[in-house]
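For this chain, numbers begin at 1 and follow the sequence in order. When reading the values below, keep in mind they use all heavy atoms of this one structure, side chains included, and skip hydrogens, waters and symmetry mates.
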Amino acid sequence: MIPASVRKIIHVDMDAFYASVEQRDNPELRGKPVAVGGEGPRGVLTTASYEARKFGIHSAMPSVTAARKCPDLIFVRPRFDVYKAVSQQIREIFAEYATLIEPLSLDEAYLDVTENLKGMEIATEIALEIRARIKSVTGLNASAGISYNKFLAKMASDLNKPNGQAVITPKHGPAFVEALPVKKFHGVGPATAERMKRHGIETGADLKSRSLQFLTEHFGKSGPYFYGIARGIDERQVRADRIRKSVGAEDTYMRDIDDLQLATAELRPLAEKVWRHCTTHGISGKTVTVKVKYSDFTQATRSRTGVQPCSGVSDILDAADALLATVYPFKRPVRLLGVTLSSLSNAGAEIDEEQPQLGFDL
């Protein structure tokens, strides 16, 4: 195995992918604020063009909020068959350079180019070539991050967006992490960032000052990962066989909930988080599961499997609402709720159920 310190990892991330495809295919949309997603009262954006982002619009934003921020916003319904076809073109370009390719979604992937098919020594030059090939073949812009591990490559790809790239070397990696706010760390969601803040951890330097025992005690199995990345260390390999069996989101509440209406309202952001991941990856699922953890840490789960995969966030939410109602009255106040979608499928093919669940911390 090649030592982590000398690996060459590239993270390629398409710029506003869905919106850029729509602007490419419809010249009337170019230069205008575009949002891909449902326009109705329960709609959520999957992405927004850079023209729209100037108004503070971003993915995962409710459509009604986006329309309020930008009255001229143009809503476009997603065309996942087109996005999948373009994504396949991009992956074929990746395959010209590397054998170790780990797709994260339709629009981003990790490539380990330590030993690459072109025999090129400099990873930044490989990234430049890949981005140029993507532009030539698809007409779309991509950004890239280059580093010696996955965490830093992912962070680097955001530094010069859109249509740019950045490199973080082993020499500069630890200092880069120390100066970075933890809320910007990939893998640290808003809830985790808030928990860290309560422990006085707001920067990478703060995180680095905490012991492995402290981080494991307060953040469980994520503790060793946080301990490593605070030092610019990430031993995860680029895996070409990365498959998930389910997609889940859960949230732990500052105050326990004992009212059904309040608990039902908390299911919505969970369902939206799950569906955003599904739309990004071009997948869906037939089985919705609701997890309820009570104040005494006992828990209950309820599941429902439909005949067809869910077609939108409303399908997940309707099932979750009905499932939650079956455990009311709650035997104790509720401290955590979770929503999971499983029996996943992609382009009609069932996804291997032996791979681990992908969870989200809201």
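No side-chain N or O of Asp206 forms a donor-acceptor pair with one of Ser209 less than 3.5 Å apart. Between the side chains of Asn141 and Arg131, no donor-acceptor pair of N or O atoms lies under 3.5 Å. For the residue pair Ser49 and Glu51, a side-chain donor N or O sits within less than 3.5 Å of a side-chain acceptor on the partner. With hydrogens and angles left out, the side-chain atoms of Thr287 and Ser343 include a donor and acceptor closer than 3.5 Å. Asp15 and Ser143 form a side-chain donor-acceptor contact under 3.5 Å, judged by distance and modelled atom types alone. No side-chain donor from either of Thr289 and Thr340 sits under 3.5 Å from a side-chain acceptor of the other. Between the side chains of Tyr294 and Gln299, no donor-acceptor pair is found at a separation under 3.5 Å.
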Quick one, Asp234 with Lys150, criterion salt bridge (Lys or Arg N to Asp or Glu O under 4.0 Å). Give me CA distance, side-chain angles, the key distance, then yes/no.
CA-CA 7 Å; Asp234 179 7; Lys150 290 168 72 172; over 6 Å; no
Set out, in order, the CA-CA distance, both residues' side-chain angles and the distance that settles salt bridge (Lys or Arg N to Asp or Glu O under 4.0 Å) for Lys32 and Asp72, then state yes or no.
CA-CA 9 Å; Lys32 297 179 181 179; Asp72 294 328; over 6 Å; no
Apply side-chain contact (heavy atoms from CB on, under 4.5 Å) to the pair Met120 and Val113, showing each step before the final yes or no.
CA-CA 9 Å; Met120 299 173 67; Val113 296; over 6 Å; no
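At least one donor-acceptor pair under 3.5 Å links the side chain of Ser284 to the backbone N or O of Cys310. Formation of a donor-acceptor pair under 3.5 Å by the Lys8 side chain with backbone atoms of Glu121 is found in this model. Distance alone, capped at 3.5 Å, is enough to place a donor-acceptor pair between the Thr326 side chain and the Leu323 backbone.
For the pair Asp112 and Arg7, the tightest heavy-atom approach, listed with the atom from each and the gap, is OD2-CD, 4.0 Å. Contact between Gly56 and Met61 at its shortest, heavy atoms only, is O-CE, 3.2 Å. The shortest heavy-atom contact between His199 and Arg210 is O-NH2, 2.7 Å.
In this structure, Phe185 has its ring center at least 6.0 angstrom away from the ring center of Phe226. Taking the six-membered ring for Trp, Phe219 and Tyr225 have ring centres at least 6.0 Å apart.
Both tests hold for Arg53 against Tyr50: distance to the six-membered ring centre under 6.0 Å, angle to the ring axis within 45°. Judged by a 6.0 Å distance limit and a 45° cone about the ring axis, Arg231 is positioned over the six-membered ring of Tyr227.
Annotation for Arg255: atom CZ does not count as buried by contact number, only 12 or fewer foreign heavy atoms lying within 6.0 Å. When the shell of 6.0 Å around NZ of Lys183 is examined, it contains 12 or fewer heavy atoms from other residues, nucleotides or ligands. Within 6.0 Å of the CD atom in Gln88, the count of heavy atoms belonging to other residues, nucleotides or ligands exceeds 12. For Lys331, the NZ atom counts as densely surrounded, since its 6.0 Å shell holds more than 12 non-hydrogen atoms of other residues, nucleotides or ligands.
Between Tyr83 and Phe80, the ring planes lie perpendicular to each other; the angle is over 60°, past the 30° to 60° tilted range.
Ion pair Asp158/Lys184 not flagged as a salt bridge, since none of the NZ, NE, NH1 or NH2 atoms sits closer than 4.0 Å to an Asp/Glu carboxylate oxygen.
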